[in-house]
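Have a look at the structure below, then the notes.
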Amino acid sequence: MAILKIAKLGHPVLIKKTNDIINLDEINLKKTVFDMSETMLDANGIGLAAPQIHLTYRMFIYRNPDIEDEEKINISVLINPRIEKLSDEMEDDWEGCLSLPDMSGLVRRYKKIKYSGLDLNGKNISGEVEGLHARVIQHEFDHLNGVLYTSRLADKRAFGFSEEIEKFWKKNDENAPK
Ligand code: NI
């Protein structure tokens, strides 16, 4: 396994077109997923999409908040994903991204979505999820379309260094600049 270099905001690979993986055997998918997992955990992330490690495949991994607890890490893989909203209901929450280290933004996402795609063995998988699980999938899916969370801010001002966001936006809610 290896820790890979993560592309940072401004690198063109983050806004490049990505393609479905037609033949899963064509690329060393298992090794790529293991390396991505190691890279994500090393960087303390909860998701990582292929473009973030300079690959233009439609594939991402993420830690599954519905299964995880303090002792168990669960990493899911979604290949050639499709997503659709299950209602128009949206919610705002703070997000970060390994391609924008040390920064946070308040992002508006659909609350409930349906996803489908392939797992690491090429098997069809799908599910209906909400909350953080739905948020992570939407964030990673966006990466495959060259979209970063900064394009989906609930409030253009609600973006900055995580340290300052913690200090001024998340605490003392009454005084938060909302
Ligand atoms: Ni990201």
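Worth knowing before you read on, the calculation uses all heavy atoms, side chains too, and leaves out hydrogens, waters and symmetry mates.
Using a 4.5 Å cut-off between side-chain heavy atoms of Ile, Leu, Val, Met, Phe, Trp and Tyr, with links allowed through other members, M90 and Y115 fall into the same hydrophobic cluster. Note on L144: it does not cluster hydrophobically with V13, by side-chain heavy-atom contacts below 4.5 Å among ILVMFWY residues. Under the 4.5 Å side-chain heavy-atom criterion for Ile, Leu, Val, Met, Phe, Trp and Tyr, I46 and L14 are members of distinct hydrophobic clusters. Note: the hydrophobic cluster containing I15 does not contain V147 (ILVMFWY, side chain heavy atoms under 4.5 Å, direct or indirect links).
One distance of note links CD1 of I83 with OG of S116; it measures 9.5 Å at 0.5 Å rounding. Note that OG of S76 and CG of N64 are 4.5 Å apart. Values are rounded to the nearest 0.5 Å.
In this structure, I79 belongs to a hydrophobic cluster whose other members, linked by side-chain heavy atoms under 4.5 Å apart, are L4, I6, I21, L24, I27, L29, V33, M36, M40, L41, L48, I53, L55, Y57, M59, I61, I73, I75, V77, L98, L118, L120. Hydrophobic cluster of F161: the remaining members, joined at side-chain heavy-atom separations below 4.5 Å, are L9, L100, M103, V107, L148, Y149, L153, F159, listed by chain and number.
Dense packing is recorded around CD of E164, with more than 12 heavy atoms of other residues, nucleotides or ligands lying under 6.0 Å away. In this structure, D102 places its CG atom where only 12 or fewer heavy-atom neighbours from other residues, nucleotides or ligands lie under 6.0 Å away.
Contact detail for H143 and A49: the closest heavy-atom pair is CB-CB, 3.4 Å.
Listed by chain and residue number, D119 satisfy the side-chain contact (heavy atoms from CB on, under 4.5 Å) test with K123 (two or more places apart in sequence, or in another chain).
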Start with the C-alpha distance between Y62 and H133, add both sets of side-chain angles, then the distance that settles side-chain hydrogen bond (donor to acceptor under 3.5 Å, both in side chains), and finish with yes or no.
CA-CA 9 Å; Y62 67 97; H133 196 164; 3.0 Å; yes
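Sequence neighbours left out, the pairs with a member in residues 14-25 that pass salt bridge (charged side-chain N to carboxylate O under 4.0 Å, His left out) are D20-R58, D20-R82. Applying the salt bridge (charged side-chain N to carboxylate O under 4.0 Å, His left out) test to every pair with at least one member in residues 127-148, sequence neighbours left out, gives these pairs: E95-R135, R109-D142, D142-R152. Residue pairs meeting the salt bridge (charged side-chain N to carboxylate O under 4.0 Å, His left out) criterion with at least one partner in residues 32-48, sequence neighbours excluded, are K31-D35.
Residues R108 and E91 fail the side-chain proximity criterion, which asks for heavy atoms closer than 4.5 Å. Two residues are said to be in side-chain contact when any heavy atoms from C-beta on lie closer than 4.5 Å; F60 and H139 fail this criterion. Side-chain contact check for Y110 versus Q138: some heavy-atom pair is nearer than 4.5 Å.
At a threshold of 4.0 Å, the pair K170-E166 counts as salt-bridged, since one of the basic side-chain nitrogens sits closer than that to a carboxylate oxygen.
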